[in-house]
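What follows is a single structure, written as structure tokens, with notes after it.
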Amino acid sequence: MTDFYNNTSNLDEKLILERLTSVIVILVITALAIFIANLVFEKTIKKTIEKKAFSNKINTVSLVAKNFINVVIYFLSITAILNVFNINTSSILAVAGIGGMAIAFAAQSIIKDVISGAFILIENQFNIGDYVTINSIGGTVEFIGLRLTKLRDIDGKEIIIPNGEISLVINHSINQSRAVVEVIISDNTKYEIIESLLNQAAKQIFEKSDNFIAVPEVLGIQEFNNFGYKVLIQTYTKNGLHFVAQRELRREILNVLSENGVNISNLKEK
């Protein structure tokens with residue numbers, strides 16, 4: 001009888017030792033897998049950032065992907081450890097699957113935001129600092145995340161837009177911007193002189209400012225009104241600097257015309 005208990009005890013100890021060894025091996029493999037995955041991601045991110053301008057988006061997408069892989073590795077590791085102790089994981093997986101479906105159904109809007117945010121980041125639709133119009137709301141992009149995007153409008157207000165609600169985006173900073181200034185002249189000076197002075201102002205501001213891609217062009221008289229007549233001037237500027245360029249051009253026009261005694265009824269930007 002004593003030998004039977006001794007043998008049983010030895011078997012129990014051997015079984016416990018085998019299971020502990022298996023758990024240790026699983027944990028070591030898990031740690032190695034996570035280390036290798038993180039190392040590969042870091043090297044890939046570093047190489048990609050060296051070649052791309054939008055490093056903030058690459059970091060965001062890579063971080064999400066890396067965290068997802070780490071979660072998968074941990075989940076597989078826990079499942080393997082449970083199997084070592086002969087715990088039926090099929091029922092746990094079934095419950096987890098049902099629970100996951102319930103959570104996913106309850107969080108449809110969040111999932112939609114995250115998926116939309118991933119596409120915004122991957123497709124590089126806009127960058128931080130770009131001036132954009134999203135769903136008829138204009139502003140400068142201050143933050144891009146997987147769930148939401150933040151804009152700062154001209155009044156300084158912060159606008160938060162869930163990515164899942166973004167349906168129409170106009171990025172004013174991708175290509176060169178068009179700047180337009182309308183000058184309303186209420187003066188009896190001949191138009192040829194007015195046009196010459198406007199061309200003078202256009203050339204001067206082009207030489208003074210680095211915001212202009214081309215010398216502003218005087219297109220001519222656009223229309224007559226109760227104040228006099230309206231002259232249209234247009235030019236192209238660097239990305240997103242059309243508002244700044246319009247202010248600079250208006251100031252230069254005002255100075256040149258005032259110095260030459262020409263009356264200006266109004267100046268406004270389009």
Distance check, rounded to the nearest 0.5 Å: His242 atom NE2 versus Arg247 atom CZ?
9.5 Å

Would a single hydrophobic cluster contain both Val183 and Phe224, if residues Ile, Leu, Val, Met, Phe, Trp and Tyr are joined by side-chain heavy-atom contacts under 4.5 Å?
yes

Candidate pair Tyr74 and Ile34, rule side chain to side chain contact (heavy atoms under 4.5 Å, CB included), full reasoning:
CA-CA 9 Å; Tyr74 281 124; Ile34 291 174; 3.2 Å; yes

State, yes or no, whether a side-chain contact exists between Ile128 and Ile144 at a heavy-atom distance under 4.5 Å.
yes

Under the side-chain contact (heavy atoms from CB on, under 4.5 Å) test, which residues partner Asn188, sequence neighbours left out?
none

Check for a donor-acceptor pair, side chain of Asp153 on one end and backbone N or O of Asp155 on the other, with a separation under 3.5 Å.
yes

Check: Asn163 side chain, Ser116 main-chain N or O, donor-acceptor pair, under 3.5 Å:
no

Is the side chain of Thr79 donor-acceptor paired with the backbone N or O of Phe75 at a distance under 3.5 Å, no angle test?
yes

Working to the nearest 0.5 Å, report the span between CD1 of Ile193 and OG of Ser196.
8.0 Å

Go through Leu197 and Val262 one step at a time and tell me if the side chain to side chain contact (heavy atoms under 4.5 Å, CB included) criterion holds.
CA-CA 10 Å; Leu197 293 174; Val262 177; 3.8 Å; yes

Hey, does Val180 have a side-chain heavy atom less than 4.5 Å from the side chain of Ile233?
no

Ile137 reachable from Ile120 in the ILVMFWY side-chain graph, under 4.5 Å edges
yes

Compute whether any side-chain donor of one residue and acceptor of the other, for Asp130 and Thr140, lie under 3.5 angstrom apart.
no

Path from Ile78 to Leu27 over hydrophobic side-chain contacts below 4.5 Å
yes

Let me check something: any side-chain donor-acceptor pairs from residues 210-221 under 3.5 Å, sequence neighbours excluded? List them with distances.
unit_1 : atom_1 : unit_2 : atom_2 : d
Asn211 : ND2    : Ser209 : OG     : 3.4
Asn211 : ND2    : Glu248 : OE1    : 3.4
Asn211 : ND2    : Glu248 : OE2    : 3.2

Any side-chain heavy-atom pair of Leu198 and Val231 under 4.5 Å
yes

How about CZ on Phe119, more than 12 heavy atoms from neighbouring residues, nucleotides or ligands closer than 6.0 Å, or not?
no

Phe206 with Val256, same ILVMFWY side-chain cluster at under 4.5 Å
yes

Tell me, with the steps shown, if Ile185 and Leu257 meet side chain to side chain contact (heavy atoms under 4.5 Å, CB included).
CA-CA 10 Å; Ile185 303 295; Leu257 294 184; 4.0 Å; yes

Using side-chain heavy atoms (C-beta onward) and a distance below 4.5 Å, is Arg178 in contact with Gln234?
yes

Any link between Tyr229 and Leu254 through a network of hydrophobic side chains (Ile, Leu, Val, Met, Phe, Trp, Tyr) touching at under 4.5 Å?
yes

Rounded to the nearest 0.5 angstrom, the CD-CG distance for Gln246 and Leu249 is 8.0 Å

If we ignore hydrogens and angles and just use 3.5 Å, is the side chain of Thr30 paired with the main-chain N or O of Ile26 as donor and acceptor?
yes

Partners passing side-chain contact (heavy atoms from CB on, under 4.5 Å) against Ile161 (at least two apart in sequence or in another chain)
Ile134, Leu151, Ile159, Ile166

side-chain contact (heavy atoms from CB on, under 4.5 Å) involving Leu148 - partner list, sequence neighbours excluded
Phe143, Lys150, Ile160

Glu165 and Asn135 have their tightest heavy-atom pair at O-ND2, 2.6 Å

Heavy-atom count check: over 12 atoms from other residues, nucleotides or ligands less than 6.0 Å from Ile154 CD1?
no

Going by the rule ring pair (Phe, Tyr, Trp, His ring centres under 6.0 Å), which residues pair with Tyr131 if we only count those two or more places apart in sequence or in a different chain?
His172, Phe243

Any donor-acceptor pair under 3.5 Å linking the side chain of Asn171 with the backbone of Gln125?
yes

Mind checking the CZ-NZ spacing from Arg251 to Lys208? Nearest 0.5 Å is all I need.
7.5 Å

Partners passing side-chain contact (heavy atoms from CB on, under 4.5 Å) against Glu142 (at least two apart in sequence or in another chain):
Arg152, Glu158

